[in-house]
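Values below: every heavy atom of this structure, side chains too, minus hydrogens, waters and symmetry copies.
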Amino acid sequence: MIKTFKSIYCLLLASAVVCSCGQLNDDEVQADCNCEQNEIAEGEAPVRFLLTSNTAGEAGTTRSAEDSYSYTQGTPEEYQVNHARVYLYNSDTKLFAKTFLLANLTRQGSDAAGNIVYETERVGVAQGTYDIFVVANSPRTINADTEAEFLADIDADTYTQGLITSIGQGIVMTNRATSNLRTVIRNESVEQQTENVVSVQLERVLARLDVAKSRESFELTTPQNVRYATVTLNGFYIVNLARQYYSFRHVAQLTSLAEPQWNLDSNFGPVGDVDGYVTDPYFFRKVVNAENFTNADKYYEHYYGDLNGTTAVPWTEFAAAGGATPEYKTAYCPENCMLAPAQKNGYSTGIHFRAKLEPSNNVWQLNAAGELELATGAAAEPDVLYYYNYNFYTSPEAMAKGAGVASIPSGQLDLFNARKFEKTADGYCCYYDYWIRHLDNNRPTEMGVMEFAVVRNNLYRMLITNVAGLGESGSADDGGIPFVPDTPDEGETQLKVILNVKPWIVRDLTNIVL
């Protein structure tokens with residue numbers, strides 16, 4: 001958008017007062033003021049930018065993969081704009097024209113939609129028509145002679161750690177690549193102090209992940225409502241974290257793995273309502289057969305397939321809700337998307353939970369006569385605990401007796417829906433996975449477009465409200481990971497999670513059972 005004003009500064013101040021939804025508090029973060037002079041050369045038109053830090057999103061008339069119709073402003077650190085680099089490309093030739101850094105930013109408050117608005121210093125631009133792109137809070141400068149090369153830029157340096165816990169320097173933000181095209185800069189009357197004002201809407205290149213639990217422990221009960229165990233969630237970590245991202249968001253309408261010819265009009269605007277995807281730099285390498293993917297070039301940090309046999313990833317502890325407000329653990333990561341048939345555990349970003357398992361006075365052992373009896377004291381805590389049909393056993397023989405069969409070979413536990421749990425320093429542990437859902441198609445047996453994904457500028461808020469069954473029984477030596485990369489993300493689960501996924505955009509995915 002572009003407007004032309006006289007006495008622009010007074011009008012901007014008046015506008016800020018009229019549309020502000022709140023003033024800057026003393027404890028809020030202010031933009032940096034490290035000045036870099038941008039002189040206005042003779043013959044250039046004066047231009048001022050209004051940068052809005054995206055908090056409200058742009059919900060359309062129909063719901064696409066980017067719309068949830070729910071939004072939240074976030075924290076000052078999340079919406080602050082410390083500096084911004086503007087790139088101008090000639091709208092007709094698509095050749096590079098000019099770039100400049102904006103560092104003297106003044107926060108003008110909030111607009112009627114709740115967006116945080118920053119006014120910039122004046123800069124000089126030759127009269128003409130430009131495609132304008134803005135990157136905020138980035139330590140990089142993109143060098144590209146053509147607009148196509150510029151839009152193809154992949155940032156492989158800024159967020160290589162995959163999971164980001166500190167955003168004190170601000171989150172990298174960009175405008176939608178189609179938002180400020182063919183912007184006309186006029187130099188009609190410099191003597192009258194007329195200047196051009198360009199409004200730019202920014203969105204964060206990261207997604208936010210919030211994880212919390214409603215209470216410390218959860219009781220597991222039989223269909224007859226008899227308690228058979230208690231599990232206490234005491235840690236989690238996040239797996240399959242992308243380490244690269246497109247500087248400007250890429251979208252495509254796809255029905256196959258064929259990569260499209262990227263076109264500004266078709267691949268940088270809204271997400272299509274039919275087969276519409278957001279894509280990341282590795283999107284087309286995520287083949288349907290996830291077992292063939294090895295992560296050889298380390299695109300994923302904490303790649304799920306690399307975690308077998310290692311305890312290198314530390315567990316993150318998280319407290320139960322105190323009163324009515326859950327205590328969320330918050331982190332950030334780049335987007336991670338894939339075609340619907342490739343939405344599998346080998347690619348998708350997920351949360352791996354650990355829980356302490358305590359049987360409810362239902363551990364059975366064989367006595368001298370070969371009959372089952374309740375174990376007590378130290379006998380009820382063997383080095384390996386076996387589970388079958390809501391009861392626990394001290395040996396494979398006792399479990400087979402409880403199942404009414406001669407034996408259950410260790411390699412056939414899954415056939416009997418039986419499990420074994422090794423005793424650790426923390427007692428017996430079981431494990432749960434939750435694969436982050438971006439957009440629920442409400443069909444539990446059919447994988448939807450963009451159903452499981454992480455998309456920039458979205459907040460995925462996960463609150464565990466219940467545990468519906470016993471978790472997996474991974475070994476203590478491998479971090480509790482029963483890894484099967486080709487397992488689809490859609491399926492029966494054991495954790496019940498409330499997701500308020502927010503552009504942050506907010507998404508409410510409730511009563512999810514893992």
Check whether the ring centres of [X] and [Y] lie less than 6.0 Å apart, and answer yes or no.
| X | Y | answer |
| --- | --- | --- |
| Trp435 | Tyr304 | yes |
| Phe392 | Trp364 | no |
| His302 | Tyr237 | no |
| Phe293 | Tyr347 | yes |
| Tyr432 | Phe236 | no |

Discussion item. Cation-pi check for Tyr299 against Arg285: NZ or CZ below 6.0 Å from the six-membered ring centre and within 45 degrees of the axis, yes or no?
Written reply: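 Arg285 over Tyr299 ring: no.
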
Worksheet item: Taking the six-membered ring of Tyr303, is the NZ or CZ of Lys298 close enough (under 6.0 Å from the centre) and on axis enough (within 45°)?
Response: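 The answer is no, since Lys298 fails at least one limit relative to Tyr303.
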
Discussion item. Below 30° counts as parallel, above 60° as perpendicular, anything between as tilted: where do the rings of His352 and Tyr431 land?
Written reply: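 Judged by the thresholds at 30° and 60°, the geometry between His352 and Tyr431 is parallel.
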
Worksheet item: In terms of the angle between their ring planes, are Trp262 and Tyr246 parallel, tilted or perpendicular, with boundaries placed at 30° and 60°?
Response: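 Trp262 and Tyr246: perpendicular rings.
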
Could you tell me the separation between the [atom1] atom of [X] and the [atom2] atom of [Y], rounded to the nearest 0.5 Å?
| X | Y | atom1 | atom2 | answer |
| --- | --- | --- | --- | --- |
| Leu209 | Ile164 | CG | CD1 | 9.5 Å |
| Met450 | Cys337 | CE | SG | 4.0 Å |
| Asn240 | Cys333 | CG | SG | 11.0 Å |
| Lys420 | Ser473 | NZ | OG | 8.5 Å |
| Gln253 | Asp275 | CD | CG | 7.0 Å |
| Arg456 | Asn336 | CZ | CG | 12.5 Å |

Worksheet item: Taking it one step at a time, do Asp157 and Arg243 satisfy salt bridge (Lys or Arg N to Asp or Glu O under 4.0 Å)?
Response: CA-CA 8 Å; Asp157 301 318; Arg243 299 171 56 163; over 6 Å; no

For [X] and [Y], test the side chains for any donor-to-acceptor distance below 3.5 angstrom and give the result as yes or no.
| X | Y | result |
| --- | --- | --- |
| His250 | Tyr277 | no |
| Tyr245 | Asp155 | yes |
| Ser360 | Arg227 | yes |
| Gln201 | Thr52 | yes |

Worksheet item: Take atom CG in Asp383; do more than 12 heavy atoms of anything else shown fall under 6.0 Å from it?
Response: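 No, the 6.0 Å shell around CG holds no more than 12 heavy atoms from other groups.
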
Worksheet item: Of the options Asp489, Asp433, Thr487, which is the one that meets Ser348 in a side-chain hydrogen bond (donor to acceptor under 3.5 Å, both in side chains)?
Response: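 The passing option is Asp489.
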
Discussion item. I'd like to check Ile464 versus Phe353 (side-chain heavy atoms, cut-off strictly below 4.5 Å). Are they in contact?
Written reply: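 Sidechains of Phe353 and Ile464: in contact.
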
Worksheet item: For Phe421 and Tyr428, what are the C-alpha separation, side-chain angles and deciding distance, and is it a ring pair (Phe, Tyr, Trp, His ring centres under 6.0 Å)?
Response: CA-CA 6 Å; Phe421 299 91; Tyr428 304 106; 7.5 Å; no

